[in-house]
Structures are given as C-alpha cells and as structure tokens.
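One structure below.
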Amino acid sequence: MASTVLRSSPSLQTPTFLSPNPSSLSSKALQKPCFPPFHSPQTHKLTSIKSSSNSISTFFSPKNQHPDDEFVDYGDDKPREECGVVGIYGDSEASRLCYLALHALQHRGQEGAGIVTVNGDGVLQSITGVGLVSEVFSESKLDQLPGNSAIGHVRYSTAGASMLKNVQPFVAGYRYGSVGVAHNGNLVNYRSLRQMLEDNGSIFNTSSDTECVLHLIAISKARPFFLRIVDACEQLQGAYSMVFMTEDKLVAVRDPYGFRPLVMGRRSNGAVVFASETCALDLIEATYEREVYPGEVLVVDKDGVQSLCLIPHPEPKQCIFEHIYFSLPNSIVFGRSVYESRRTFGEILATESPVDCDVVIAVPDSGVVAALGYAEKAGVPFQQGLIRSHYVGRTFIEPSQKIRDFGVKLKLAPVRAVLEGKRVVVVDDSIVRGTTSSKIVRLIKEAGAKEVHMRIASPPIIGSCYYGVDTPSPEELISNRLDVEKIREYIGSDTLAFLNIDSLRRLLGAEAPNFCYACFSGQYPVEPTEPKVKSIGDFVDDGLTGGIDSINGGWVQGPRLKKAEKVVGLL
C-alpha cells in the first residue's frame, strides 16, 4: 500500500516532468459549452456546505482443440472493464463518501483502489493499494484523508501491468502546484505520446497511459489550470472519462466520442459528485442530475459548476457493452436503464430464436436479467439452475489437471433438481473464447439435463476493444474464427443463438448511431494505429517469470527492432 503527500507550492517540481515549453491553446475549445441541442448552458451555484445530517463517520487457440486437453483457467472468460472513477467536491466526509462510492463500482475493477483528498492546507494526500476497496482502506486509513474534496479509482489493468505503482489516482507535482487524476478508458495513441514525451526528456514512473496526461498538463503554458487540461486532452485519441483534483478545484472531462460513461449528481448538502455509474450516486444518497456530455469539461469550485466545450464533438460512440455486461443493472448509463436494456435483449432472443423448453436459467450474475426477459416472453418458468459462489477469491490453488472444469465448478454449481430430465435454455451475456461456455454446458448435462440450448444476449464478438476494455486478441475470439454452427459444436449445446445486431440497433432506435459496435463489427470510430502491447519490463518488475507467450490477456507482441535499430538506440 502506498501513501503520498504533495504540497501545492509554486516552487514544487518533480523530476518526472519536462519544464513547460511555450504553447498556445486553440480558441475553439472555449467557444461554447457542448450541450446537446435540447439543453441550454447552465452554471450551478453550490449551496452552503454543511455536515450531512446522516453522518457516516460513526482460451481458444489453433493449438487448443478442446478444453479437456489441459487445465486452462480464464477466470470468467469475459471482457473486463478497465476501471471506475469517483469525484466529490464540497463535503466534509469526502473520503468516506468516496470509499463507499468505490464499493458500488467494485465490479469495474478488482486489482487496485485509491483515493486522493485535499485538506485545508492545500495538501493533496493519496492512499493507494493492490486489492479490493475493503482490503486497501480501513478506518485508520480514511482518517489520514481529511478534506472536503476527493477523487477515487478502482482498477483493472489494460494499459500497464498490475502493480502498485500503476494504481490510480496519480498525484504529481509541477511548477504551478500539484494535481491528481483518475482515468477510465484507454488512449489509442499512448505509445506515440509517450515516445514524444520521452524524446523531450520526460521520465515516467509508471507504465499507465494516464501518466501521459499529467506530463501534457505539466508542459502546457495555458492558464488557468483547467485550460491546461483542455490543452492536454486535445492531444489525446481514444477513450477517457477523467476526474482531476487541485487544491481548489475538481474537474471532470469526457472524450469527444463519449466512449465510457461519466455522470454528475448532487447530495442534499450541495456537494457535487461525479461517478462512472449512477449506482455509486445511489449508495451515497446523491441525486442524479445528468451525464457529463461527450467533449465536455466541468469545473467545480467555490463559485459553482461551470461547463466548457473541450472540442467540437463528433457523433457520440458510447460503449454498447456497458448495457450488455459491464454496468450494474440498477444503473442508468447513457440515459438508459441497464436493467430494461438487458430484459429487452432477452425478450428479443425469445422472439427471434425460440425453442421448446421446460425451464430457463441464467449464467449468474450478468445473464440473470436477460434470462428473466426471455422466460417472460417465452412463457416458461425462470429458475436458478446455476448457483454462483461469492466466496471465490481472485486466485486459488489448482488441483490435478485430471479434475475437469475445476475453475468453473468452483464458481458455479448446478442444481440437479432444476435441471434433471429438463430441456434447458441457458442465457448468458456473451461468448468470448468459448472455453467457459463449453464447461458450463457440460456441467448442466452432467446434472441430468435432457437438452441444453444456449442463448446469448449480445451479437458475436469478433473484434478487440481499444477503448478501455480488456479483450483477447482477435485470434482468440471464437466468433472471429468460427461460424455459429461450429461454435455450437465446440461448446456442445443442442442449439445456439446470438442476439442479432440489427435487432439490437432497432431496439436503440434513434439512439443507435450514438453507440460503438466495434467489438461486433470490427469498424472502429477511432482507428487503432498502435499494437496492443504490454511492456515486458513491467512483468520483470512484477517478478513474473516465463516467456512472452505466458502473459495472460491476449496481448499482441509488438514488432521487434532490427539489429541496426538496436545499435543506434544504444549510442
């Protein structure tokens, strides 16, 4: 666990940043707030801040023919969201509220967590750690984080290895003071930005793409501070929903495409809250007001909330997988209920891909709501045919390879009374590699099911995500290699059907063009120009052993340097 304190002193500098060089900020960034046409620009005044009355102090590859050949555990075999962010301004218990909000966002990242606060002396204080929120923080740790403002982060690594130094929020000092940042998303031009900064003398402490943002802020000449953020973000490509903190301001920003969600709410005492999902607002009793719009910068200080346009934004491309898998069902994401979306996905499957069955079950937990929708539409009872264990840690001791499907059995237990002799429809949210699905089908059949029919509440995944989601390489995606019938044969089900992408678009109606479907279509709103690579050095630092092939996550190895290039680099 790490604890950091930085004082906001004009003379404070760190060796990790360049000395700022002259640059000018494009005037187009401040022409007008980028609200949708049906909104008018507003400035919200903060009410006086008082203590809250309800105080809370007290893989599938060409080499693998079948999962039986060897024991390979891919966890849940699902795409993983990179992280979740929280920002709070104007509450005397900001750190504790941030802690609770991070609990609500724990599903978005379980590898690390951190909180940064600023106290009355203008000191940015940081505590970060590896593990779950409850493992990183305690009452004594939160006592070390006083102040009326806080930002927080839960992390699942995409860019950067999983290690303490990469756990956010990051705090950095530069010549005008200090700044903290928490980032949800992924920059597709990270490598070129980092190379440019390093060529000019920047020294990096982490392997996270977020650190590039801090360097860009440090070298900007724009004033006041939030214009430095605008200046930096104009150089970023890809997905970013970020919250920044200085000694007197909280700043929230969302990329022009709006890939990742970010919402704003307000507590009864006037405190302003930003979070990745509305479920975090609900937990800390903050009222949801609206989304941070794509391309918008919101600045919160003692004068209230002000909105600025980062850059003129194109057509939004919000991540559809937030509604399929990532977000909690009780959240409102991109202005739509996640629960209602998933229930309707199930209804569409029942309408377009019906099958004679006796019972509908779900792969918990992400398939439950879609299964409810399927069962209701099909007129077939929904039952719990698979029971998920909530006590499985992130790691466990593997038994002999002779025990088939151990990883799945540890997490999911079939209910024989529900399944035996029945024709079963199994609803899941997605199929990635197909390894877990094949094991689930086998478990259900071993429990006595007469037939097993898989229904998937998303279209086939054929492309990797470059916008803040950890997905395998295209070669590992089973739908990128096999048609539906071949996939059915591989997983061993009697029938298999996916949600049709055209049906998905029809459901979204007029909003359909505002979503990103790159993982289903292979058409990317922001074309990835750099390979998805994890630095080998990061894994050496982590103490991991083995060759490049042992690195989990489907990362593509970058191009090797020619011998002449290596020699030149050493001169």
Side-chain angles (χ1 to χ4, degrees), residues 1-9 49-58 83-157 162-173 178-182 205-206 243-248 250 267 269 271 273-276 279-286 390-391 393-395:
M1 190 172 298
S3 179
T4 305
V5 176
L6 280 176
R7 295 194 176 274
S8 298
S9 168
I49 306 303
K50 298 183 291 187
S51 297
S52 173
S53 58
N54 53 341
S55 174
I56 58 171
S57 292
T58 54
C83 59
V85 300
V86 175
I88 299 172
Y89 183 93
D91 197 294
S92 59
E93 296 187 289
S95 64
R96 283 171 168 78
L97 291 171
C98 192
Y99 167 80
L100 292 174
L102 291 178
H103 261 296
L105 299 176
Q106 186 75 85
H107 59 285
R108 299 183 76 89
Q110 298 91 45
E111 290 190 356
I115 295 176
V116 175
T117 61
V118 56
N119 64 21
D121 297 326
V123 178
L124 269 66
Q125 300 170 119
S126 170
I127 293 179
T128 60
V130 174
L132 303 176
V133 175
S134 59
E135 296 168 343
V136 174
F137 295 100
S138 62
E139 188 72 25
S140 60
K141 288 293 183 182
L142 293 174
D143 287 340
Q144 300 173 35
L145 295 171
N148 293 329
S149 301
I151 60 173
H153 190 271
V154 287
R155 179 175 189 270
Y156 175 80
S157 61
S162 176
M163 63 179 75
L164 179 58
K165 71 180 182 180
N166 281 324
V167 177
Q168 297 182 36
F170 293 153
V171 180
S178 45
V179 58
V181 61
N205 287 325
T206 76
V243 287
F244 296 86
M245 172 184 286
T246 67
E247 62 272 15
D248 63 345
L250 180 67
R267 281 173 50 82
N269 63 356
V273 182
F274 298 101
S276 293
C279 62
L281 304 183
D282 296 338
L283 181 60
I284 63 173
E285 299 180 345
H390 293 271
Y391 307 102
R394 294 182 301 281
T395 59

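Residue numbers run from 1 in the order of the sequence given.
The structure places CG of Asn269 at 4.5 Å from CG of Asp91, a figure rounded to the nearest 0.5 Å. Separating the CZ atom in Arg155 from the CG atom in Asn166 is a distance of 5.0 Å, to the nearest 0.5 Å. Here NZ of Lys165 is found 13.0 Å from OG1 of Thr128. Values are rounded to the nearest 0.5 Å.
Evaluation of the salt bridge (charged side-chain N to carboxylate O under 4.0 Å, His left out) rule for Asp248 yields no partner, not counting sequence neighbours. Scanning for side-chain contact (heavy atoms from CB on, under 4.5 Å) contacts around Ala286 gives Arg267, Val273, Leu281, Ile284, with sequence neighbours left out. Legend: residues meeting side-chain contact (heavy atoms from CB on, under 4.5 Å) with Thr117, ordered by chain and number and at least two apart, are Ser95, Ile115, Gln125, Leu145, Ala150. In this view, Tyr99 and His103 satisfy the ring pair (Phe, Tyr, Trp, His ring centres under 6.0 Å) rule, not counting sequence neighbours. For the side-chain hydrogen bond (donor to acceptor under 3.5 Å, both in side chains) test, no residue two or more places apart in sequence or in another chain qualifies with Ser134. Contacts of Asn119 classified as side-chain hydrogen bond (donor to acceptor under 3.5 Å, both in side chains), with partners at least two apart in sequence or in another chain: none.
Contact between Gly180 and Leu124 at its shortest, heavy atoms only, is N-CD2, 3.6 Å. Gly152 approaches Ala182 most closely through the heavy-atom pair O-CB, 3.7 Å. Considering every non-hydrogen atom in both Val136 and Lys141, the closest pair reads O-CG, 4.1 Å. Of all the heavy atoms in Thr246 and Val118, the pair that sits closest is O-CG1, 3.9 Å. Of all the heavy atoms in Ile88 and Leu97, the pair that sits closest is CD1-CB, 3.5 Å. The nearest pair of heavy atoms linking His107 to Cys279 is CE1-SG, 4.2 Å.
Using a 4.5 Å heavy-atom threshold, the side chains of Gln168 and Cys83 count as separate. Pro169 has its side chain within reach of Val116: a pair of non-hydrogen atoms, C-beta onward, lies under 4.5 Å apart.
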Practice problem: Would you check, one step at a time, whether the test side-chain contact (heavy atoms from CB on, under 4.5 Å) holds for His153 with Arg108? | Solution: CA-CA 10 Å; His153 190 271; Arg108 299 183 76 89; over 6 Å; no
Practice problem: Assess whether side-chain contact (heavy atoms from CB on, under 4.5 Å) is satisfied between Ser149 and Leu250, documenting all intermediate values. | Solution: CA-CA 8 Å; Ser149 301; Leu250 180 67; 5.6 Å; no
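Here the rule is side-chain contact (heavy atoms from CB on, under 4.5 Å) with Leu102, and of Leu132, Val133, Val85 only Val133 fits it.
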